[in-house]
Amino acid sequence: MISAMNVVSKIRSVLLPVALLPGLQSCIYEDLRECPGEYYVHLFVSNDWMYAPDASPEGMACIFFPEDNGKPWRFDISGRNGGEVRLPNEDYHFVTINDDYSSIIFENADSYSEISVTTPTCELFYGAGEAAAEAKLPSSRKSQSGTAKEDVRQCPDMLWSNSIEKVDIAPGELFYSLPDGAMEHQRSSSASSVLRLLAYPRQIVSRYHVRIADVGNLDGVAMMCGSMSGLASSVRLSDNRHSPDPVTVPFTLDKVGDSTISGDFLTFGRTSGTDHDNMLSLFVWLRDGTKLEYDFDVTSLIIRAEDPFDVWINIKGPDLPESGPGSGTFDVNVDNWNTIEIEIND
């Protein structure tokens, strides 16, 4: 589990292993010299996984944003079920998100309405692995129109999240908004009783499955990878809105059998409020050193997918040129590529 202070430096963080909470005596407010019991409440954050029953996060981060725009508090709790936290009596907004990630960057981390997650930039052939690891490749790529460039960014990790617009904590009482807009009201029966906040995390990234079938002369391929353009650069956690800014996401492709190429990758999905094409690019290095790029416009397939969080892209591939013996070394620079656009029958 990743330390909150390393992930979001501006968020005041308290890592609270659930087993240690009953004996915790110190006040989480760093600037208070005294912490009378009435200044904070025992709150159990419980996760209901009805929207993602198969989710298996190693832990969940719980972030409380004071309505007075004070710095938010973050608690990292192991497991998927939730755990107890201690908070001052105050009015909050709330976000929970799994904390077992490696390629996630927080943006606008102090603001409930704007906090979002994105990924680091990377090189175009990031999906090719070690063969391209040391090459000096661009971290941006021209859009399909050729008039602008898109950043190249890594795929996100699997993410589950939920936000609650209003969480009001008063002495012995809890009010919070439910998914249907109603308000839940709880009152503690004694000074030692724990109030319960119920969250409903759901998957907020999409999995795209790419299958390119009927590829001719696939046995002449030495190396390959893929990328997709026109995807959202980030997602906002308060309302799961995708960024309007497009990026290109590289991913790994593998040979499956004699004539099929396959690859799965995670993405934030299509951009929001903008009309960017989703161009699937297949990069192929033949054994004789020939470099080929095949571009497929798969925008309509993604838009018409039955489940936007589980998108299948099944297309017919090209006949690759026959390849002669190779030299064993491959030029991974972006120059001298033979680019072919292929129309798909969807």
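Source: prediction; values computed, not measured.
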Does the pair E107 and E114 meet the rule for a side-chain contact (heavy atoms from CB on, under 4.5 Å), with working shown? CA-CA 8 Å; E107 297 179 319; E114 296 298 330; over 6 Å; no
With side-chain contact (heavy atoms from CB on, under 4.5 Å) as the test, would you mind laying out the steps for Y101 and T119 before giving the verdict? CA-CA 11 Å; Y101 42 71; T119 58; over 6 Å; no
For V210 and F296, run side-chain contact (heavy atoms from CB on, under 4.5 Å): C-alpha distance rounded to whole Å, both residues' side-chain angles, the deciding distance at 0.1 Å, then the answer. CA-CA 12 Å; V210 175; F296 309 82; over 6 Å; no
Please identify which of these residues, S233, S272, S116, meets the side chain to side chain donor-acceptor pair (under 3.5 Å) condition with S243. S233
Is there a chain of hydrophobic side chains (I, L, V, M, F, W, Y, each step under 4.5 Å between heavy atoms) that links V221 to I340? yes
Under 3.5 Å: donor-acceptor pair, side chain of S229, backbone of M279: yes
Would I315 end up clustered with L292 when hydrophobic side chains under 4.5 Å apart are linked, directly or stepwise? yes
In a table with atom names and distances, give each donor-acceptor pair under 3.5 Å that connects a side chain of residues 162-169 to protein atoms at least two apart or in another chain.
from: N162; atom 1: OD1; to: Y200; atom 2: N; distance (Å): 2.9
from: S163; atom 1: OG; to: S238; atom 2: O; distance (Å): 2.8
from: K166; atom 1: NZ; to: E67; atom 2: OE2; distance (Å): 3.4
from: K166; atom 1: NZ; to: D168; atom 2: OD2; distance (Å): 3.4

Would you say that L197 contacts F94 through its side chain, given a criterion of any heavy-atom pair below 4.5 Å between the two side chains? yes
Contacts satisfying salt bridge (charged side-chain N to carboxylate O under 4.0 Å, His left out) that involve residues 255-270 (not counting sequence neighbours) are R211-D264
Can you establish whether the number of heavy atoms outside R80 located under 6.0 Å from its atom CZ is more than 12? yes
How would you list, by chain and number, every residue that makes a ring-ring contact (aromatic ring centres under 6.0 Å, His included) with H93, sequence neighbours excluded? Y112
Which atoms form the tightest heavy-atom contact between S206 and Q203, and what is the distance? CA-NE2, 4.4 Å
May I ask you to test the N217-S323 pair for a side-chain heavy-atom distance under 4.5 Å? no
Given 3.5 Å as the limit, does a donor-acceptor pair link the side chain of H242 with the main chain of F268, or not? yes
Centres of the Y51 and W160 rings: under 6.0 Å? no
May I ask you to check whether D214 and S259 show a side-chain donor-acceptor distance below 3.5 Å? no
Between P66 and P72, which heavy-atom pair has the shortest distance, and what is it? CD-CA, 3.8 Å
Validation row: L124, S227 side chains within 4.5 angstrom (heavy atoms): yes
Heavy atoms of P201 and D48 approach each other most closely as CD-O, 3.5 Å
Are side-chain heavy atoms of L280 and Y208 found at a separation under 4.5 Å? no
Quick one: does D54's side chain get under 4.5 Å of S56's, heavy atoms only? no
E173 and Q186, any side-chain heavy atoms less than 4.5 Å apart: no
Got a second to check how far N89's CG is from L174's CG, nearest 0.5 Å? 10.5 Å
Validation row, ring centre Y92 to ring centre F65 under 6.0 Å: no
Quick one: hydrophobic cluster around M183, which other residues, with the 4.5 Å side-chain cut-off, linked directly or via members? F175
Say whether, by atom type as modelled, one donor and one acceptor occur between the side chain of N98 and the main chain of P57 under 3.5 angstrom. no
Test of understanding: clusters of I, L, V, M, F, W, Y form through side-chain heavy atoms closer than 4.5 Å, transitively. Do I105 and V235 belong to the same one? no
ring-ring contact (aromatic ring centres under 6.0 Å, His included) filter on F251, not counting sequence neighbours, yields F265
Considering all heavy atoms of both residues, which atom of G257 and which atom of L218 are nearest to each other, and what is their separation? O-CD2, 4.4 Å
Do M158 and L237 belong to the same hydrophobic cluster, where Ile, Leu, Val, Met, Phe, Trp and Tyr are linked whenever their side-chain heavy atoms lie under 4.5 Å apart, directly or via other members? yes
Is the side chain of T299 donor-acceptor paired with the backbone N or O of N278 at a distance under 3.5 Å, no angle test? yes
W73 versus F75, closest heavy-atom pair with distance: CB-CE1, 4.0 Å
Please report the shortest heavy-atom distance between V205 and F309, naming the atom on each side. O-CD2, 3.4 Å
Atom pair CG (L87) and CD (E84), whose distance is rounded to the nearest 0.5 Å: 10.5 Å
So S281 and D295, side chain to side chain donor-acceptor pair (under 3.5 Å) or not? Walk me through it. CA-CA 5 Å; S281 296; D295 293 333; 2.8 Å; yes
Would you say the side-chain atoms of S188 pair up with the backbone N or O of G172, donor to acceptor, closer than 3.5 Å? yes
Inter-residue atom distance R196.CZ - F44.CZ, 0.5 Å rounding: 5.5 Å
To the nearest 0.5 Å, tell me how far I212 CD1 sits from L253 CG. 6.0 Å
So if you build clusters from Ile, Leu, Val, Met, Phe, Trp, Tyr with side-chain heavy-atom gaps below 4.5 Å, do V256 and I261 land together? no
As a quick check of understanding, evaluate side-chain contact (heavy atoms from CB on, under 4.5 Å) for D157 and D100, giving each step before the final call. CA-CA 9 Å; D157 301 280; D100 52 343; over 6 Å; no
Please answer whether the main-chain N or O of C155 pairs with a side-chain N or O of S103 as donor and acceptor at a distance below 3.5 Å. yes
M228 and V298, any side-chain heavy atoms less than 4.5 Å apart: yes
Is the backbone N or O of G127 less than 3.5 Å from a side-chain atom of T252, with the two atoms forming a donor-acceptor pair by type? yes
What's the spacing between W285 CH2 and M224 CE if we round to 0.5 Å? 10.0 Å
Backbone N/O of C122 and side chain of Q154: donor-acceptor pair under 3.5 Å: no
Does V117 reach the side chain of F106, with side-chain heavy atoms less than 4.5 Å apart? yes
Spatial distance of atom CG (L286) from atom NZ (K291) [nearest 0.5 Å]: 11.5 Å
Using atom types as modelled and distance alone, determine if a side-chain donor or acceptor of S161 lies under 3.5 Å from a backbone N or O of T96. yes
Looking at residues at least two apart in the chain, or sitting in another chain, which of them share a side-chain hydrogen bond (donor to acceptor under 3.5 Å, both in side chains) with N47? none
I'd like to know if the side chain of D151 reaches the main chain of R153, judged simply by a donor and an acceptor atom lying under 3.5 Å from each other, with no hydrogens or angles considered. no
